[in-house]
Amino acid sequence: MQEFKRAIRESLAQHSGLDSNTIKLERPKKAEQGDFAFPCFQLAKERKQPPVAIAQELAAKIGADLQRVEVVATGPFLNFRINRSDLSASVLKQIAGENEGFGHSREGAGKTMVIDFSSPNIAKPLHVGHLRSTIIGAVLKRLHDALGYTTVGVNHIGDWGVQFGKLASAVELWGDTVDLEGDSIRALLALYQRFHEEEKRDESLAERGREAFRELESGKDGSVRATWRRVTELSLRELSKTYARLGVSFDLIRGESFYEDKLEETIERIRASGVTEESDGALIVRLERKGKEIAPALLRKSDGTTLYATRDFAAAFHRWDEFHFDRCLYVVAGNQKLHFEQLFGVLKRMELPWAERAEHIYFGMMTLSGGLKLSTRDGQMIFLDELLDRAVEEALKVIQTSKKFADIPNPEEVATQIGIGAVIFNDLKKERIKDVQFEWDDVLSFEGETGPYLQYTHARMCGILRRAEKEGPPADTAPAWAQLEDASHLILTLGRFPDVVRSAAKACEPSEISQYLLSLCRDLNSWYGHAEHKVLGVDAPLSAARLQLVNGAKVVIANGLRLLGVATPEKM
RNA sequence: GCGCCCGUAGCUCAGCUGGAUAGAGCACCGGAUUUCUAAUCCGGCGGUCACAGGUUCGAGUCCUGUCGGGCGUACCA
């Protein structure tokens, strides 16, 4: 399909005087209008001629150039329609040839993307709020992998700070009262909460916590460090189970603690650039936005200790030194915008050439229905594992009540794919900056605009292809490409997939893929729902052509879902 | 107070770097299954694109202001 677009652009450029690279071919609102459109208003202004006249003039000239494309002037618009047979053959042959690779490219070859995502705290359970960074980050990584980038997925674990002194103390005090080895995270959470409770009554506990963290920071390899190490290991073990369920993996799991011995040099590096100053005893960097001063970045507190931001600076420098990235994405909620503005603001004030390469990819907040915030503190929490369990359970119920239950050899496995797919897709459906309200009904709904809807459509295509092996036309039947005219809108959509992948990656917007897949499946189901569009049991060349369409759709849905991290069962 | 983000159908959302008659899902009502999977499809209902100005040949999309909601506002992470 690209070859037709290129030809249209070149001819258009030649006859209009525009640069072929800047010509934007739009998609007409209505399919009947054509495959691509070019509005002539801009040209009309430059040439001081009516757009309708320009459209007519160009239509005649371009029409003479292009044999396989019909060019029609509709008012001020120039509409292009690729010859149906050529369109079908071009798109569907390409998909069949490239298969899993359709949508992939090498355009990012040689470029490195560092993607920081998920980044939970040790010793706290993942709740539904953590889903967003994890899921979105994982999609961004897969998207860039598909485009040939070298990607480095980093999990910047929160494993440092006074709270870990408290936790270590709690483990030392009451560790034997809970099941640390078995249900680690829940046990740690209970200990942490107990510490908070008792701290209110017993002031010595707070001091004990601070003292423990001081020992930790001192680097002394004593009992506190041993406890901290144990807590870290237990937590990571639990976390990795949840990541495995979500199909998410990292290239680098590196806690904040990793930067502990690099904080002094980090502060020195910033101080040496001359941007720092003392204020109320603290070391800060003043920053402004559009000429107005904003909250400064803090490098060191007035008591001499460092803070979270200091470790983020250390991480940024270290990442640059290690990877020399082309882009470094921080997939973190939007409520941290100021923090990243400060982080990047300092890099810019230091005039580091790579400062512009770091980006905060932010997303909306997750709230519970009724506007309640998710937080460990007030107990408003839905554990991620529980959510996944429940989604799988619900999926299993649907499978068991279905008529085709008997045809599914592995219902538990399929229920897992569907339940978890539903949860993931639900998180990727909307534009990422929008806030999401958590509703059980929405997450567990398997009808309408959902992951299972896409999976189901995919499974049906698989079903046809399976059956075609037995009942279909002979393998060497030449497809009657010209007879796919009633599906040309669908074919055009399939041909657009590589553009969608590229655009979603560029904008770091997974919802471009999800929305594309929804609209593709809607069109596909609609086409397929017509009795006259039978794939099998029709004239062999027509059947062969429709099978190519079914295969193309199956491949694109599968490739799209794979990018999103949603499984693609062949039967459901 | 100040800053950032959001505001499209009863609800949840699409609407491509401004372009042709603003589209889906849910809910509600009515249809389709001896059929290549009904987790589907078809039809109906439903809109002053928050409001007011402005820029433009053209604004849901850009600018300004107002209202409403969310988030954030240096020694937490």
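Quick note on labels: first sequence line is chain A, next is B, and so on, each numbered from 1. Heavy atoms only: backbone and side chains are in, while hydrogens, waters and symmetry mates are out.
Both geometric conditions, a ring-centre gap below 5.5 Å and a plane tilt below 30°, are fulfilled for Phe41(A) over the base of G19(B). Taking the 5.5 Å centre cut-off and the 30° plane limit, the aromatic side chain of Tyr528(A) is classed as stacked on C36(B). The aromatic ring of Phe77(A) sits over the base of A20(B), with ring centres less than 5.5 Å apart and planes tilted by under 30°.
Spacing between C45(B) and G53(B) at atom C1', rounded to whole Å, works out to 35 Å. Separating the C1' atom of C4(B) from that of U21(B) is a span of 37 Å, rounded to the nearest Å. Here, A59(B) and G68(B) have their C1' atoms 22 Å apart, quoted to the whole Å. The gap from the P atom of U56(B) to that of U12(B) amounts to 37 Å, rounded to the nearest Å. With both ends at atom C1', the span from G60(B) to G23(B) equals 12 Å, rounded to whole Å. Only the P atoms considered, G3(B) is 30 Å distant from G19(B), to the nearest whole Å. Remark: the separation of the C1' atoms in U8(B) and G25(B) is 15 Å, to the nearest Å.
The closest side-chain heavy-atom distance from Leu338(A) to Glu341(A) is below 4.5 Å.
Counting any heavy atom pair closer than 4.0 Å across all strands shown, Arg467(A) reaches sugar-phosphate atoms only and no base atom. Residue Lys429(A) is classed as having no contact, given no heavy-atom separation below 4.0 Å to the nucleic acid. Contacts of Leu338(A) with the nucleic acid, taken as non-hydrogen atoms under 4.0 Å apart, involve only primed sugar atoms and P, OP1 or OP2. Using a 4.0 Å heavy-atom distance criterion, Leu465(A) is classed as making no nucleic acid contact. Contacts of Asp523(A) with the nucleic acid, taken as non-hydrogen atoms under 4.0 Å apart, are absent. If you check every strand for non-hydrogen atoms under 4.0 Å, His533(A) touches a base. Within 4.0 Å (heavy atoms only), Asn121(A) reaches sugar-phosphate atoms of the nucleic acid but no base atom. Among the atoms of the strands shown, base atoms are found under 4.0 Å from some heavy atom of Ile284(A). Arg522(A) comes within 4.0 angstrom of sugar-phosphate atoms only, judged by non-hydrogen atoms across all strands, and of no base. Residue contacts for Gln33(A): at a heavy-atom cut-off of 4.0 Å it reaches a base atom on one of the strands shown.
Between the CD atom of Glu32(A) and the C1' atom of A20(B) there is a distance of 12 Å, given to the nearest Å. Note: NE2 (His530(A)) to P (C42(B)) measures 7 Å, nearest angstrom. Rounding to whole angstrom units, CG of residue Asp442(A) and P of A39(B) are separated by 20 Å. Between Gln342(A) atom CD and C4(B) atom C1' there is a gap of 13 Å when expressed in whole angstrom units. Distance CG (Leu524(A)) to P (C36(B)): 17 Å, rounded to an integer number of Å. Taking atom CZ of Phe446(A) as the reference point, atom C1' of U40(B) lies 16 Å away to the nearest angstrom. Note: CD1 (Ile433(A)) to C1' (G69(B)) measures 15 Å, nearest angstrom. With rounding to whole Å, Glu512(A) atom CD is found 8 Å from U17(B) atom P.
G46(B) is unpaired under the criterion used here, namely a Watson-Crick or G-U wobble arrangement in which both key atom distances are under 3.5 Å. U12(B) and A24(B) make up a base pair, with Watson-Crick or G-U wobble contacts both under 3.5 Å. Across all strands shown, A52(B) forms a Watson-Crick or G-U wobble pair, both distances under 3.5 Å, with U64(B). Nucleotide G3(B) forms a pair with C71(B), judged by Watson-Crick or G-U wobble geometry with both contacts under 3.5 Å.
Contact check on Arg300(A) versus Glu264(A) returns a salt bridge, with a Lys/Arg side-chain nitrogen under 4.0 Å from an Asp/Glu carboxylate oxygen. A salt bridge links Asp486(A) with Arg546(A): at least one charged nitrogen is closer than 4.0 Å to a carboxylate oxygen.
Residue Glu449(A) places its side chain closer to A24(B) than to any other of A14(B), A77(B), A24(B). For Lys290(A), taking side-chain heavy atoms from C-beta onward, the closest of the listed nucleotides G3(B), A77(B), C4(B) is C4(B). Checking A77(B), G19(B), G72(B) against every side-chain atom of Pro39(A), the shortest atom distance belongs to G19(B). With U40(B), U21(B), A39(B) as the choices, the nucleotide that has an atom nearest any side-chain atom of Lys30(A) turns out to be U21(B). Of the candidate nucleotides A38(B), C75(B), C71(B), A38(B) has the atom lying nearest to any side-chain atom of Tyr456(A). Residue Lys571(A) places its side chain closer to U37(B) than to any other of U37(B), C36(B), U73(B). Closest contact between the side chain of Ile464(A) and the listed nucleotides C36(B), A77(B), A14(B) involves C36(B). Taking every side-chain heavy atom of Arg289(A) into account, G3(B) is the closest of A20(B), U33(B), G3(B).
Here Phe497(A) and Tyr516(A) bring their ring centres to under 6.0 angstrom of each other. For an aromatic pair to be called close, the ring centres must be under 6.0 Å apart, and Phe258(A) with Trp160(A) fails this. Here the two rings, on Tyr330(A) and Phe340(A), have centers that are under 6.0 Å apart. Phe77(A) has its ring centre less than 6.0 Å from the ring centre of Phe41(A).
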Intermediate values then yes/no, side chain to side chain donor-acceptor pair (under 3.5 Å), Asp159(A) and Thr232(A)
CA-CA 7 Å; Asp159(A) 63 355; Thr232(A) 304; 5.3 Å; no

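Residue Asn525(A) places no side-chain atom within donor-acceptor reach of the base of A38(B), judged by atom type and a 3.5 Å distance cut-off alone. Between the base of C41(B) and the side chain of Ser526(A) there is no donor-acceptor pair shorter than 3.5 Å.
Under a cutoff of 6.0 Å and an axis angle of 45°, Arg311(A) and Tyr308(A) do not form a cation-pi pair.
Residue Lys29(A) places at least one side-chain N or O under 4.0 Å from the OP1 or OP2 atom of A20(B).
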